[in-house]
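What follows is one structure encoded as structure tokens, with my remarks underneath.
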Amino acid sequence: MDVKTSAATSRYPEVYARWQRDPQGFWGEAARDVAWIKPPKTVFDPNAGVYGRWFPDGVCNTCYNAVDRHVEAGRGEQAAIIYDSPVTNSKQTITYAALQTKTETLAGILRHTFGVKKGDRVILYMPMVPEALVAMLACARIGAVHSVVFGGFAPKELATRIDDAKPKVIVSASCGLEGARVIAYKPLLDEAINLSKHKPEACLILQRPQLACELTPGRDHDWQKAWDDALVWARNVLEPEPMLATDPLYILYTSGTTGIPKGVVRDNGGHLVALKWSMKNIYDIDPGETWWAGSDIGWVVGHSYIVYAPLFHGCTTVLYEGKPVGTPDAGAFWRVIAEHKVAAFFTAPTAFRAIKKEDPQGKLFTKYDLSKFRTLFLAGERADPDTIVWARDLLNKPVIDHWWQTETGWTIAGNPVGLGQLPVKLGSPTVPMPGYDLRVVDDACQEVKRGQMGSLVVKLPLPPSCLPTLWQQDERMKESYLAEFPGYYKTADAGFIDQDGYVFVMGRTDDIINVAGHRLSTGGMEEVLSAHRDVAECAVLGIKDDLKGEVPCGFIVLKAGVNRPPEEIERECVQLVRDKIGPVAAFKLAIVVNRLPKTRSGKILRGTIKKMADHEPWNMPATIDDPAVLEEIGAAMKSKGVGV
Ligand code: COA
Ligand code: AMP
């Protein structure tokens with residue numbers, strides 16, 4: 001990959017070329033930064049797994065690398081986690097030594113009280129509290145596979161994940177806090193377990209003072225009581241379980257093209273190697289510095305950069321339970337950065353749009369001293385140039401967009417500040433990282449010319465940390481990602497690479513939309529709407545939104561003979577998506593229409609509807625069955641204040 005405009009000082013071209021020449025040598029060297037129980041002799045086995053496996057004979061433990069290793073190296077008294085929770089008006093600092101004690105204790109509880117063994121699954125349905133991180137690390141310590149489910153999902157979504165992962169234990173809490181609102185988690189958990197076929201043997205529940213819950217006898221256990229009991233049986237210290245590098249560390253479910261989410265598997269060894277490498281080379285962070293990823297542990301950014309990477313690197317990680325605005329104001333981010341001396345911050349552009357909307361002049365910013373702050377990193381959705389420029393002007397610091405996916409777990413294309421920052425091109429996440437041989441291809445899998453749009457694909461193998469497979473679904477892995485473009489991984493993003501080697505990611509090629517940095521499937525929402533008794537057919541698409549980037553909008557055709565008021569059915573449809581998928585879907589707009597625009601072969605013209613809704617120029621498709629339908633759709637949108 002040539003980067004002609006690269007700053008003369010950046011080592012990126014040389015480092016990327018070094019990886020291209022000798023990928024195994026490159027990752028073998030990076031692997032030396034990890035504390036192995038048994039270092040790998042083989043860096044990559046192309047014949048193992050679906051497309052090959054990294055470090056197949058290496059033995060390690062993820063929790064040891066995140067915690068114990070730093071205590072042994074003398075960092076015991078350094079803060080590992082700073083919990084800052086404006087919603088509960090509390091703060092807590094947990095040192096590496098304290099984190100070690102906590103993870104050992106919970107690991108002991110999971111093993112001895114609940115009989116959780118290596119390879120067993122544990123689902124975590126938790127708010128943003130330190131106990132959630134302790135639970136992830138405790139699972140890693142004993143070799144249990146954790147699966148964190150985002151709190152904004154409805155019981156049915158949780159039930160689907162329970163049935164797929166078949167957890168032995170679920171760890172949850174009595175409530176979560178969304179701004180000033182208290183969300184009772186326990187009824188959601190109970191309903192999910194009612195809905196699921198698989199039943200966990202036990203649930204461990206953290207009672208939060210904001211809202212206690214009733215425990216279900218015989219199934220639920222109180223966190224504090226289990227903890228106190230564990231101290232009585234004298235904390236039987238569990239040594240970190242030796243894990244093969246290829247053993248699964250976690251499953252993280254993400255939206256697929258149907259209502260059944262994909263269980264992205266992350267292994268232990270490759271994940272350790274790539275994430276450790278990323279902290280210095282991509283983010284330019286040193287051990288001992290404070291780092292903050294303003295995401296949620298339910299998302300991949302939370303897994304990789306609230307929990308694992310900063311701890312692998314011996315940093316202090318900030319765990320923030322609050323919002324960019326309203327907790328209490330649009331200066332919350334500046335307060336946290338100043339107060340905890342954060343060196344670099346990573347969040348989604350939508351958070352900055354929320355701040356910009358409330359405080360466009362950045363008046364609250366001037367109240368805080370951000371002298372220790374160096375860089376802002378954005379990801380999760382395309383960083384729109386307006387937001388980048390606004391943030392850059394306000395902060396007077398580099399604002400770096402980077403592109404990645406749940407599947408990869410770390411950056412596909414970015415601007416590696418640690419190797420020397422490359423010039424920023426607005427609208428581009430910059431260049432492919434070592435490990436990613438990124439190409440742009442047409443539908444026939446032929447590479448297109450520089451500057452031409454196509455499908456963004458990665459030549460196999462994927463680098464360490466990327467998904468080796470989907471949980472117990474090798475075939476679905478092949479079908480979803482590897483079949484369409486043989487020899488390549490399909491990112492399902494479309495874009496181009498310009499003459500200077502800069503990547504531009506322009507949008508998804510499937511039904512995935514990005515709402516406030518949250519990944520959602522419009523196909524999943526269509527499945528829910530289709531189940532409404534009065535709905536004959538429907539189409540859900542993501543339409544532009546100034547704050548959230550995109551929001552879903554559903555067009556609904558009613559069954560013949562239904563003569564209830566359309567507004568009533570629209571309201572029911574909105575509620576149905578909220579009940580079945582969850583508030584995170586942000587599905588607030590359903591529009592009843594007489595017909596959907598289709599091609600003569602019956603395909604819904606989603607692209608045209610989207611352009612109309614987004615106020616973009618559109619042409620009458622030559623293949624349209626009946627052009628009058630678009631006029632009807634336009635009128636229906638107009639009546640709801642949408643587009644055209
Ligand atoms: N538990 C329960 N409910 C949750 C939740 C959780 N963990 N997270 C979100 N929700 C709810 C919200 O309360 C909201 O409910 P409502 O419809 O009753 O108001 C709904 O899900 C939609 O949430 P969201 O889209 O996040 O909207 P918001 O108005 O609450 O916040 C932003 C908007 C932009 C401030 C917020 O999305 C944000 O800070 N995003 C950036 C950071 C981020 O999370 N990035 C993720 C990937 S890096
Ligand atoms: P998730 O799996 O939730 O991380 O979402 C991944 C998807 O978000 C990608 O496939 C892209 O469509 C989008 N995305 C994430 N980061 C970026 C970015 N920096 N630029 C453009 N799109 C992005």
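Owing to the predicted nature of the structure, the values given are computational and were not obtained by experimental measurement. The residues of the chain are indexed from 1 along the displayed sequence.
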Take atom [atom1] in [X]; do more than 12 heavy atoms of anything else shown fall under 6.0 Å from it?
X    : atom1 : value
K603 : NZ    : no
K459 : NZ    : no
K357 : NZ    : no
N194 : CG    : yes
E214 : CD    : no

Open item on the list: Suppose the criterion is ring pair (Phe, Tyr, Trp, His ring centres under 6.0 Å): which pairs have a residue in residues 572-607, not counting sequence neighbours?
Closed with: none

Under 3.5 Å: donor-acceptor pair, side chain of [X], backbone of [Y]:
X    : Y    : result
R439 : Q446 : no
R476 : L470 : no
H532 : L576 : no
S174 : R208 : yes
T387 : P349 : no
S304 : G409 : yes
N514 : E550 : no
T408 : Q405 : yes
R578 : P583 : no
T599 : T623 : no

- [ ] Could you give me the CA-CA distance, side-chain angles and deciding distance for K186 and D220, then say whether salt bridge (Lys or Arg N to Asp or Glu O under 4.0 Å) is met?
- [x] CA-CA 10 Å; K186 185 55 181 9; D220 294 350; 3.0 Å; yes

[X] to [Y] - nearest heavy-atom pair and separation:
X    : Y    : result
D443 : F485 : O-CE2, 4.2 Å
I297 : V148 : O-CG1, 3.6 Å
G322 : V87  : CA-CG1, 4.3 Å
L596 : V629 : C-CG1, 3.6 Å
V642 : A613 : CG1-CB, 4.0 Å
T430 : G414 : CB-O, 3.3 Å

Open item on the list: Could you walk me through whether M453 and M506 satisfy the side-chain contact (heavy atoms from CB on, under 4.5 Å) test, starting with their C-alpha distance in whole Å, then the side-chain angles of each, then the deciding distance to 0.1 Å, before giving a yes or no?
Closed with: CA-CA 9 Å; M453 279 279 285; M506 306 309 290; 3.7 Å; yes

Gap between atom [atom2] of [Y] and atom [atom1] of [X] - 0.5 Å precision:
X    : Y    : atom1 : atom2 : result
M612 : L630 : CE    : CG    : 5.0 Å
L529 : C573 : CG    : SG    : 5.0 Å
L456 : Y489 : CG    : OH    : 11.0 Å
I412 : D493 : CD1   : CG    : 7.0 Å
Y250 : R266 : OH    : CZ    : 3.5 Å
I251 : D164 : CD1   : CG    : 7.0 Å

Side-chain donor-acceptor distances from residues 538-547 under 3.5 Å, at least two apart:
{"residue": "K544", "atom": "NZ", "partner": "E616", "partner atom": "OE2", "Å": "3.0"}
{"residue": "D545", "atom": "OD2", "partner": "L547", "partner atom": "N", "Å": "3.1"}
{"residue": "D545", "atom": "OD2", "partner": "K548", "partner atom": "N", "Å": "2.7"}

So [Y] and [X], do their side chains get closer than 4.5 Å, heavy atoms only?
X    : Y    : answer
V171 : I123 : no
F333 : I355 : yes
H518 : W299 : yes
K580 : E157 : no
P167 : I170 : yes
I609 : F555 : yes
T347 : L378 : yes
K323 : E178 : yes

Open item on the list: With side-chain contact (heavy atoms from CB on, under 4.5 Å) as the criterion, how do V122 and S147 come out once you've worked through the C-alpha distance, each side chain's angles and the decisive distance to 0.1 Å?
Closed with: CA-CA 6 Å; V122 175; S147 186; over 6 Å; no

Does a side chain donor of either [X] or [Y] reach within less than 3.5 Å of an acceptor in the other side chain?
X    : Y    : answer
T491 : Y436 : no
Y253 : R161 : no
R519 : T254 : yes
T160 : D163 : no

- [ ] Can you label the angle between the H402 ring and the W404 ring as parallel, tilted or perpendicular, going by 30° and 60°?
- [x] tilted

- [ ] Could you check whether the rings of Y305 and F346 sit parallel, tilted or perpendicular, using 30° and 60° as the cut-offs?
- [x] tilted

Task: Steps toward salt bridge (Lys or Arg N to Asp or Glu O under 4.0 Å) verdict (D401, R382) - done: CA-CA 8 Å; D401 179 19; R382 182 166 182 267; over 6 Å; no

TODO: Would you check, one step at a time, whether the test salt bridge (Lys or Arg N to Asp or Glu O under 4.0 Å) holds for R353 with E381?
DONE: CA-CA 12 Å; R353 289 196 295 270; E381 56 174 327; 3.0 Å; yes

Task: F377/F345 aromatic ring centres below 6.0 Å - done: no

Open item on the list: Using the ring centroid of each side chain, check whether H303 and H271 are separated by less than 6.0 Å.
Closed with: no

Task: Test side chain to side chain donor-acceptor pair (under 3.5 Å) applied to Y320 and T327, step by step - done: CA-CA 11 Å; Y320 176 69; T327 58; 3.2 Å; yes

Open item on the list: Under 4.0 Å between a side-chain nitrogen and a carboxylate oxygen: does that hold for K490 and E407?
Closed with: no

- [ ] State plainly whether the residues K559 and E537 are in salt-bridge range, i.e. N to O under 4.0 Å.
- [x] no

TODO: Measure from NZ or CZ of K425 to the centre of the six-membered ring of Y502 and say whether it is under 6.0 Å with the direction within 45° of the ring axis.
DONE: yes

TODO: Applying salt bridge (Lys or Arg N to Asp or Glu O under 4.0 Å), name anything that partners E475, two or more places apart in sequence or on another chain.
DONE: K478

Task: D190/R219 under salt bridge (Lys or Arg N to Asp or Glu O under 4.0 Å): CA gap, chis, key distance, verdict - done: CA-CA 11 Å; D190 289 343; R219 186 196 75 190; 2.6 Å; yes

